[in-house]
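Single-structure report; data block below.
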Amino acid sequence: MSIASHESEHVDAHTGTSTTGHEWDGIRELNTPLPRWWLWMLYGSIVWAIGYMIVYPAVPLVSSYTKGVFGWSARGAVTAELADLQSARAPMVNALAAASFADIEKDPKMLAFARAQGKAAFGDNCAGCHGAGGGGSKAFPNLVDDDWLWGGKLEDIQQTLTHGIRSADPQARAGNMPVFGEGVLKPTEISLVADYVRSLSGLDVAKGVDLAAGGKIFAENCAACHGDNAKGNLELGSPNLTDEIWLYGSDKATIVEGINKGRGGVMPNWGERLDAGTIKALAVYVRTLGGGR
Amino acid sequence: MSLWNKHAIFEKNSIILLLGVLIVISIGGLVEVLPLFYLKSTIEKVEGVRPHTPLELAGRNIYVREGCYTCHSQMIRALRDEVERYGHYSLASESMYDHPFQWGSKRNGPDLARVGNKYSDDWHRRHLANPRAVVPGSIMPAYSWLAKTELDAGKIDQDMRVLSMEGVPYSDEMIAKASLDLKAQSSDDDAGAADLVKRYPKAAARAYGEQKGIVTEADALIAYLQVLGTQIDFKIYDDKANLR
């Protein structure tokens, strides 16, 4: 089986190994055989490959393909794994889904489960906007404080999570800060009312600003949503303007921008993406972050 | 001379060797590729996947241009941890109109196959302008110029024509109305929105950006991101019909 077996067999005297018969200026090429361990590994892997083709889906046929002895498929495997996961979680998930929020709060085991599940779901879904710890950022509410735009009761949070805020869901939380620029209020009026709003929470206002005039503009344009006392309204999602919590920022330029262009951040309707149990767990988790009014 | 010694013919004639190599590789390729074209069981039955609208397609072009695929995959693998994190594993049919597909192979950032409707448009605007503004630990570069650059989609109909040659079912009407549809989708109150939805079911028409009357590259990109992974309704999708 050597390359040149038809040529005369020649054995190298020095090594005792046969040569290929090729000769260059008296130097002959040794025909050293492959190491046995290497050859056996090669033969072994060929046998392994044949076994593999029998056990797993492999060979295409005319209208189908060989399915393998166990009928394994990648999608079947993940479906089975997820089913296992679901059945392992089922007792607690079902209990959670059936329980009222009051019951969950009374049962330490269920509360711990809801918090753990909620925390995992929060990291996957909510942290992008509200921050890994729920601290929020500009335009995305801080969930760690006990200040709520749409209500901090568990039912309120669940409602917000399921249907979203200004989302495509017909039951979404609706209502947004209207545009007061573009002819509704003059720039001088917007400046006045912005100074008035800053004064509500004790922020510095330039000397000589007519706060009374700003207050009048506020009463005529803003009080309908933010309230006569400017403490906001959970039904409309209008923020309390008298505290030190600002969604977009408390500097005058930001407030003027908000009055000018309006505001209306969107939260997705998670009911579309997450199951009801996960949303319930998220509501519990989010409330434990900041307490709930 | 046994058959085993015939290889001298291949070793001594380069043209015969070349032909031999071609034949062997062709057999391997044909056996692996051909069955995918005729085996019914490798073709998924799903409803809802439609070609991208002109605006989404323009956004996709920007996605490709900026090389988003080098750090973001669009392929949720059929593994438990991936499904738990991102949602239902990706189906081949979800990228059947993508030429080239954007599956990617590297995840410096998260998978984007189901990023649609996960964040608000406002979040995407802030995130593209400066990722650190919303995700403090992010290592993604800022793409702040996208919101400052007006979208140049004058030739989007030609993109669609080329895609239709590759088998994407863009009709002549879709191609003819491309710029109208693009305008309709990028506004809150355009009269053409109804026609757009007729041509592209469930297309979301709204002002993706903040500047009125101007469609920026960021708007198109956001429109594309917001549709990713949302076309199939997995509440009615039959998993068992497509197990393999």
Review point. Taking B/Arg85, B/His88, B/Arg77 one by one, which has the highest count of heavy-atom pairs under 4.5 Å against chain A?
Key: B/Arg85
Check your understanding: Picking from B/Ala78, B/Pro35, B/Ala8, which has the most non-hydrogen pairs under 4.5 angstrom with chain A?
Key -> B/Ala78
Pick one of side chain, backbone, both or neither for [X], based on which atoms fall under 4.5 Å of a heavy atom in chain B.
{"X": "A/Thr79", "answer": "side chain"}
{"X": "A/Val59", "answer": "neither"}
{"X": "A/Leu61", "answer": "backbone"}

Check your understanding: By number, which residues in residues 254-272 of chain A have some heavy atom less than 4.5 Å away from chain B?
Key -> A/Val266, A/Pro268, A/Trp270, A/Gly271, A/Glu272
Study note, to complete from the structure: Contacts of B/Asp98 meeting salt bridge (Lys or Arg N to Asp or Glu O under 4.0 Å) (sequence neighbours excluded), chain-then-number -> B/Arg60
Quick check on [X]: does its [atom1] atom have over 12 non-hydrogen neighbours (other residues, nucleotides or ligands) under 6.0 Å away?
{"X": "A/Trp24", "atom1": "CH2", "value": "yes"}
{"X": "B/Tyr38", "atom1": "OH", "value": "yes"}
{"X": "B/Ile15", "atom1": "CD1", "value": "no"}
{"X": "B/Glu84", "atom1": "CD", "value": "yes"}

**Study point:** Max heavy-atom pair count under 4.5 Å with chain B, selected residue of A/Gly164, A/Ser137, A/Gly128
**Key:** A/Gly128
Check your understanding: Taking all atoms of both residues into account, what is the closest heavy-atom pair of B/Val83 and A/Leu82, and its distance?
Key -> CG1-CD1, 3.6 Å
Review point. Mind checking which of residues 209-235 of chain B sit less than 4.5 Å from chain A, heavy atom to heavy atom?
Key: B/Lys212, B/Lys235
Review point. Counting a contact as any heavy-atom pair under 4.5 Å apart, which residues of residues 101-134 of chain B contact chain A?
Key: B/Arg114, B/Val115, B/Gly116, B/Asn117, B/Lys118, B/Tyr119, B/Ser120, B/Asp122, B/Trp123, B/Arg126, B/Ala133, B/Val134
Review point. So do the side chains of B/Arg80 and A/Asp84 get within less than 4.5 Å of each other, counting heavy atoms only?
Key: no
